[in-house]
Amino acid sequence: MVRGKTVIEKIENTASRQVTFSKRKSGLFKKARELGVLCDAQVAVLLFSNTGRLYDYSSSNSGMKSLLERYQHVKEGQQLMSASTEAKFWQAEGERLRQQLHNLQENHRQLLGQHLCGLGLEDLSGLEKQLETSLHNIRLAKDQLMIDEIEEFNKKGHLVHQENVELHKKLNIIHQESIYLQNKLNGKPEANEVITSSSSRRSIAARDGANLVHLELSQPHHAERYEEPESPTLWYGEIYVL
């Protein structure tokens, strides 16, 4: 049967916790003893149970105290060494930053045309290339900025144009409604309702202005006693087509 993996967490059962503590303590001290014998190392183990009882093991013949004193001495020396090492590191870092700042200031003055006396031909050529590169990058950045602004203005102009078209449409609708209401007030027939299409308005206007002639043939009554019938008379009238 395969042994399941032990979950590393606090054992809630008191009896099981005590049994596990005893087994693990014995195994820990056994491993410490084997490490000291096999590797000729000085090993010290301190262990306090949850009840406060002390268990210890030392591979040194002089006992636990000598190992603790040695540990304390080495630990203090390491702390002092680390403090001095850290101080030296920050001193070197500060010096490096000061030198870097000095170089940057000197380069800035040279770019402004100052302190050029000690420079050779190669240094001056390098400085010229650096200036040309900087000017090129500045022009590129300026051109890109102008392009971005032009695109932004074009977008705003397009939006304004769309708003203008919408307002023009609304104005036409309001104008047609005004004409319709005015015709209603003037008592004109309903045929003069709002016409939204410009072509329809031109067609209606053309038909409103045209006068169509309608011919009517009227036959008068015959007179008595051999009277000659009169010639038929043509009557003209006007019909308005709305």
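Atom set for the values below is all heavy atoms of this structure, side chains included, hydrogens, waters and symmetry mates excluded.
- Between the side chains of S58 and S60, no donor N or O sits under 3.5 Å from an acceptor N or O.
- Annotation: the span from I138 atom CD1 to D143 atom CG amounts to 12.0 Å, rounded to 0.5 Å.
- Grouping the Ile, Leu, Val, Met, Phe, Trp and Tyr side chains by contacts below 4.5 angstrom, directly or via other members, places L67 apart from Y71.
- Both L47 and Y57 are assigned to one and the same hydrophobic cluster, defined by single-linkage of ILVMFWY side chains at heavy-atom distances under 4.5 Å.
- Taking both residues in full, the closest heavy atoms of M64 and D56 are given as CE-CB, 3.7 Å, listed atom of the first, atom of the second, then distance.
- L135 and L112 end up in different hydrophobic clusters when Ile, Leu, Val, Met, Phe, Trp and Tyr side chains are linked at under 4.5 Å.
- R96 is not listed as a side-chain neighbour of Q99, based on a closest heavy-atom distance of 4.5 Å or more.
- Looking at N183 and I179, their side chains come closer than 4.5 Å, going by heavy atoms from C-beta outward.
- Across every non-hydrogen atom of S59 and V43, the tightest pair is OG-N, 2.6 Å.
- Under the 4.5 Å side-chain heavy-atom criterion for ILVMFWY residues, a single connected hydrophobic cluster contains both L28 and F21.
- Side chains of Q162 and H158: a donor-acceptor N/O pair is present below 3.5 angstrom, by distance only.
- To the nearest 0.5 Å, atoms CG (D40) and CG (L35) are separated by 10.5 Å.
- Between the side chain of S125 and the backbone N or O of L121, at least one donor-acceptor pair lies under 3.5 Å.
- Between E106 and R109, at least one side-chain nitrogen of the basic residue sits less than 4.0 Å from a carboxylate oxygen of the acidic one, meeting the salt-bridge criterion.
- Using modelled atom types and a 3.5 Å distance limit, the side chains of N172 and Q176 yield no donor-acceptor pair.
- In this structure, the side chains of Q91 and E95 stay at 4.5 Å or more apart for every pair of heavy atoms.
- Distance check, rounded to the nearest 0.5 Å: CE of M146 to CD of E151 gives 12.5 Å.
- Between atom NE2 of residue H136 and atom NZ of residue K129 there is a gap of 15.5 Å, rounded to the nearest 0.5 Å.
- Rounding to the nearest 0.5 Å gives a distance of 13.5 Å between CD of E122 and CG of L127.
- Within a 6.0 Å radius of CG in N13, more than 12 heavy atoms belonging to other residues, nucleotides or ligands are found.
- Cluster membership check: V45 shares its hydrophobic cluster with Y55, using side-chain heavy-atom separations under 4.5 Å among Ile, Leu, Val, Met, Phe, Trp and Tyr.
- Atom NZ of K25 and atom OG of S49 lie 9.5 Å apart (nearest 0.5 Å).
- A salt bridge does not link K155 with E152: every distance from a Lys NZ or Arg NE/NH1/NH2 to an Asp or Glu carboxylate oxygen is 4.0 Å or more.
- Not one N or O on the side chain of T20 forms a donor-acceptor pair closer than 3.5 Å with the backbone of R17.
- The two residues F48 and L54 have their closest heavy-atom pair at CZ-CD1, 3.5 Å.
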